[in-house]
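The next block holds one structure in the form of structure tokens; read it before the comments.
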Amino acid sequence: MIEGKETKTKKGVLRFGMVGGASGSFIADVHRKAALFDGQAELAAGCFSSKFERTLETGAKLGLDQERLYRDHNEMAQKEAAREDGIDFAIIATPNYAHYPAAKAFLENGIHVVCDKPLTLKVEEAEELVRLAEEKGLLFCVTYAYSQYPAVKQAQMMVKNGDIGEIQVVVAEYPQGWLATPVEQEGNKQAAWRTDPEKSGISNCVGDIGTHIENTVSYITGLEIDELCARLDIFGSNERKLDTNAHILVKYKNGAVGNYWCSQVAIGYDNGLTVRVFGTKGTIEWRQEDPNYLKVVKLGEPVQILSRGNPYFYPEAAQMSRIPSGHPEGYYEAFANTYLKFSNALLKLKQGLELTEEDRDFPDVKAGLQGVKFIHKCVESSKKGSIWVKFD
Ligand SMILES: NC(=O)c1ccc[n+]([C@@H]2O[C@H](COP(=O)([O-])OP(=O)(O)OC[C@H]3O[C@@H](n4cnc5c(N)ncnc54)[C@H](O)[C@@H]3O)[C@@H](O)[C@H]2O)c1
């Protein structure tokens, strides 16, 4: 039987505010749509830009009350915390440098947080956010949304259930080609801040997309990095100060080994995140650009292509689908799954109920910290001449 998934009709169960997301920005609009996708939340406040006129403009377009448009994250955190109908959670979708101060302000004012990656510029900042969220008992999601595709969950369940045996080798890549030329000098705003160390942090490519590899591999396999050896290179412009290509070798704590490649100068590639996991009994391969399918090869058997929406998916993965197989689900749905899990957990928390491990199956602040550590270890290894460095 084929059933559509009902969207809740009761609007406004949770209220959220946004930092970042003025007209013309990229990911904030995906956040907004994803947070609203299943009808469990509504936008109530915003500080969409560091320029107040732009916040006012965007707020008006989005139909917000002017009194809930703020000059900065501090004003928003304090004033929203003081309101009876204040926001339940804040979404932070600014360039990297503004994540930490905004996240800290919301946590300190008792507001739950959803923040984009990389979580912070410094490891100590990420550690502080972990501590603050724990101390205050607040939920904190970091939107590594690739982990929320049903086929990725299926891959995770297959690894957990031993379907491909013990993992020995992981090969993952995330090639893009959009920084093959210095587009940051031609008015591309997203490229401008990403290539600026003040706004991006100590890495561009590893921070921007290498962290997605790290998180997706870690989510699927559960493997913990023991040591890594990285080479970061700057291509695409002599004036750039940050990496646009990286090769990273990994040794995991269980003895398995991995090999990651991320690039923004790989002409012909858009968002080619691909993860291959090789075990003693079989192989799994998932490609973000064809996300409804999972390639599985069991030792001595023919290649299988598992298709999302079919009953042979594990229930935990099947329940993350909204429509029958063959009608493609994609990026918005994966992002929406992140928000659905986060919102359901938050609703449960607000009712005073205990959260189970299943309730917490969204990328959290510890995953964010892990990503920041990964960036710093890759840069450290590369700077020291691509030597092996211990992860912990
Ligand atoms: N999870 C993902 O898959 C994913 C995808 C893309 C981007 N990202 C992350 O999302 C973040 C934003 O990236 P983007 O490409 O959307 O950037 P963008 O440049 O398109 O948008 C950034 C927005 O933040 C606003 N802004 C800047 N400083 C601000 C401040 N101090 N206060 C309030 N608003 C401020 C800008 O006006 C703009 O609206 C980055 O951290 C990036 O790494 C994550």
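First listed ligand is number 1; within each ligand, the first listed atom is number 1. Source: prediction; values computed, not measured. Quick note: residue numbers are just sequence positions, from 1.
Ionic pairing of E198 and K241 is not present here: no N-O contact between side-chain nitrogen and carboxylate oxygen is shorter than 4.0 angstrom. Using a 4.0 Å cut-off between a side-chain N of Lys or Arg and a carboxylate O of Asp or Glu, E329 and R308 qualify as a salt bridge.
Set against the non-hydrogen atoms of F26, the atoms of ligand 1 under 4.0 Å away are 5 (C), 6 (C), 15 (O), 16 (O), 20 (O). Below 4.0 Å from some heavy atom of G20 lie the following atoms of ligand 1, by number and element: 24 (O), 25 (C), 33 (C), 34 (N). Taking every non-hydrogen atom of D208 and a distance limit under 4.0 Å, the qualifying atoms of ligand 1 come out as 43 (O). Against a heavy-atom cut-off of under 4.0 Å, H99 is close to the following atoms of ligand 1: 41 (O). For ligand 1, the atoms sitting less than 4.0 Å from at least one non-hydrogen atom of F48 are 25 (C), 34 (N), 37 (O), 39 (O), numbered in the order shown with element in parentheses. Ligand-side atoms of ligand 1 in range of A22: 39 (O), range being under 4.0 angstrom from any heavy atom.
Checking Y149 against Q288 by side-chain atom types alone, a donor-acceptor pair falls below 3.5 Å. Neither side chain, D270 nor W178, offers a donor N or O lying under 3.5 Å from an acceptor on the other. With 3.5 Å as the limit, one finds no donor-acceptor pair spanning the side chains of E289 and N271. D359 and T356 share a donor-acceptor pair across their side chains, judged by distance under 3.5 Å alone. Between S203 and D243, the side chains place a donor N or O and an acceptor N or O closer than 3.5 Å (distance only, hydrogens not considered). Residues K153 and Q156 bring a donor and an acceptor atom of their side chains to less than 3.5 Å of each other. Y312 and N310 are linked by a side-chain donor-acceptor pair at a separation below 3.5 angstrom, with hydrogens and angles left out of the test.
The nearest heavy-atom contact from the protein to atom 20 (O) of ligand 1 is Q190 NE2, 2.5 Å. I27 N, 2.8 Å is the protein heavy atom nearest to atom 16 (O) of ligand 1.
Considering C115, S200, P95 only, the shortest heavy-atom separation from atom 26 (N) of ligand 1 involves P95. Considering each of N96, I92, V19, D116, the one bringing a non-hydrogen atom nearest atom 41 (O) of ligand 1 is N96. Heavy-atom proximity to atom 14 (P) of ligand 1, evaluated over M76, H73, R194, is greatest for R194.
Residue A145 places every heavy atom at 4.0 Å or more from ligand 1. A heavy-atom separation below 4.0 Å is found between Y97 and ligand 1. Ligand 1 has K117 within reach: a non-hydrogen atom of the residue lies less than 4.0 Å from it. Residue contacts with ligand 1 leave out K51, since none of its heavy atoms falls under 4.0 Å from the ligand.
In terms of polar-atom proximity, defined here as any N/O pair under 3.5 Å, G21 does make such a contact with ligand 1. Geometrically, ligand 1 and Y331 share a nitrogen or oxygen pair separated by less than 3.5 Å.
Residues I91 and Y339 come closest through the heavy atom pair CD1-OH, 3.2 Å.
For Y219 and Y144, the ring centers sit 6.0 Å or farther from each other.
Contacts between A93 and ligand 1, counted as non-hydrogen atom pairs separated by less than 4.0 Å, involve the backbone only. Contacts of F52 with ligand 1, taken as heavy-atom pairs under 4.0 Å, are absent altogether.
Between Y331 and Y146, the ring-plane angle classifies as tilted under the 30° and 60° cut-offs.
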